[in-house]
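I have placed the structure first, in the form of structure tokens, so that the comments after it can refer back to it.
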Amino acid sequence: MTLIPISWSALIFLFLSHRTSTGDITSLRVITAVKTPYLPDGRFDLEAYDSLINMQIEGGAEGVIVGGTTGEGHLMSWDEHIMLIGHTVNCFGTKIKVVGNTGSNSTREAIHATEQGFAVGMHAALHINPYYGKTSVEGLISHFEAVLPMGPTIIYNVPSRTGQDIPPAVIEAVSSFSNMAGVKECVGHERVKCYTDKGITIWSGNDDECHDSRWKYGATGVISVASNLIPGLMRKLMYEGENTALNDKLLPLMKWLFCQPNPIALNTALAQLGVARPVFRLPYVPLPLEKRVEFVRIVESIGRENFVGQKEARVLDDDEIVLISRY
């Protein structure tokens with residue numbers, strides 16, 4: 001066999017030519033913050049995970065957030081986290097954009113995880129602002145400036161979880177970076193409009209606000225929890241024009257999904273639909289019986305055919321639920 005010599009510059013060109021552009025990310029309207037299912041021993045259930053990703057693709061979702069809040073990245077080791085990103089890219093990267101949650105409250109850790117994420121092929125990174133050990137406005141700018149050169153980046157603003165709002169001055173300061181794809185914004189419509197008026201790409205981070213954010217305030221789309229369950233309807237909500245009737249029909253589900261901190265309700269719902277095993281990594285536990293009964297009624301109201309999976313929605317008995325404290 002004859003080996004053809006290739007220069008480092010050629011290798012770098014090949015690598016860069018196959019990378020996703022920021023424009024490929026800013027065009028996405030439905031990105032699912034995907035759930036991570038577990039086996040009874042607490043390890044990843046990759047068969048169930050792959051099935052759920054396929055359901056997202058079939059339903060019209062264009063991207064997935066891997067290991068985000070909904071995917072319980074904070075309950076993973078970094079080895080698990082990067083493995084799941086790489087697995088998703090390897091199996092589905094030609095069919096759906098893979099956004100790895102590689103953010104951290106430690107800039108050093110965020111840099112290292114993001115380097116690894118792009119090395120295994122993720123198309124974009126999701127970055128939170130430093131939480132708990134909060135920093136100044138200048139510190140926030142420096143934190144994001146440290147990770148933005150690595151590849152397409154979505155900044156995630158969710159003050160209810162981080163304890164600190166990312167003010168517009170920070171986003172405007174880093175918006176000139178070519179890798180700045182946009183913001184997953186959870187503060188509300190007025191903040192969305194503040195950015196879209198300046199040409200900054202925004203995804204609503206609130207399912208119950210995403211319809212109006214998209215059609216009245218200029219948001220590009222949604223990074224959604226509900227699309228785990230109803231990807232086709234979420235795509236319709238983001239693509240087919242203002243549809244108050246559909247939005248009103250989905251609002252009870254969206255409110256139910258956040259009746260307790262996410263992802264408790266989503267984990268419960270996917271187990272009730274038979275899409276994931278009823279296995280919970282602590283500290284998450286399922287919703288109580290009355291909320292599980294309510295979910296069955298919501299499914300009936302929206303129509304079982306609109307939800308992922310093939311099995312009928314059922315309430316689940318308490319003794320079917322597995323809680324894992326060591327994993």
Full working for side chain to side chain donor-acceptor pair (under 3.5 Å) between Asn243 and Lys236 = CA-CA 9 Å; Asn243 190 335; Lys236 187 173 183 180; over 6 Å; no
How far apart are the C-alpha atoms of His127 and Thr153, what are their side-chain angles, what is the distance that settles it, and do they pass the side chain to side chain donor-acceptor pair (under 3.5 Å) test?
-> CA-CA 7 Å; His127 279 283; Thr153 299; 5.1 Å; no
Test of understanding: with salt bridge (Lys or Arg N to Asp or Glu O under 4.0 Å), list the residues that count as partners of [X], not counting sequence neighbours.
X: Asp197; value: Lys193
X: Glu80; value: Arg281
X: Glu58; value: none

Kindly determine whether Asp318 and Arg292 satisfy salt bridge (charged side-chain N to carboxylate O under 4.0 Å, His left out), including the steps that lead there.
-> CA-CA 11 Å; Asp318 287 341; Arg292 303 199 300 263; 2.6 Å; yes
Take atom NE2 of His112 as the centre, draw a 6.0 Å sphere, and report whether it contains more than 12 heavy atoms from other residues, nucleotides or ligands.
-> no
Assess whether atom CD of Glu290 is packed by more than 12 heavy atoms of other residues, nucleotides or ligands within 6.0 Å.
-> yes
Assign the ring pair Phe295 / Phe307 to parallel, tilted or perpendicular, where the plane angle (0 to 90°) is split at 30° and 60°.
-> perpendicular
Under 3.5 Å donor-acceptor, Glu62 side chain and Val30 backbone = yes
Start with the C-alpha distance between Thr36 and Glu72, add both sets of side-chain angles, then the distance that settles side chain to side chain donor-acceptor pair (under 3.5 Å), and finish with yes or no.
-> CA-CA 7 Å; Thr36 307; Glu72 300 177 17; over 6 Å; no
Identify whether Ile128 and Tyr195 are in the same connected component of the hydrophobic contact network (ILVMFWY, side-chain heavy atoms under 4.5 Å).
-> no
Arg314 with Glu320: basic N within carboxylate O range, under 4.0 Å | yes
Nearest 0.5 Å please: distance from the CG atom of Leu148 over to the CG atom of Asn179.
-> 6.5 Å
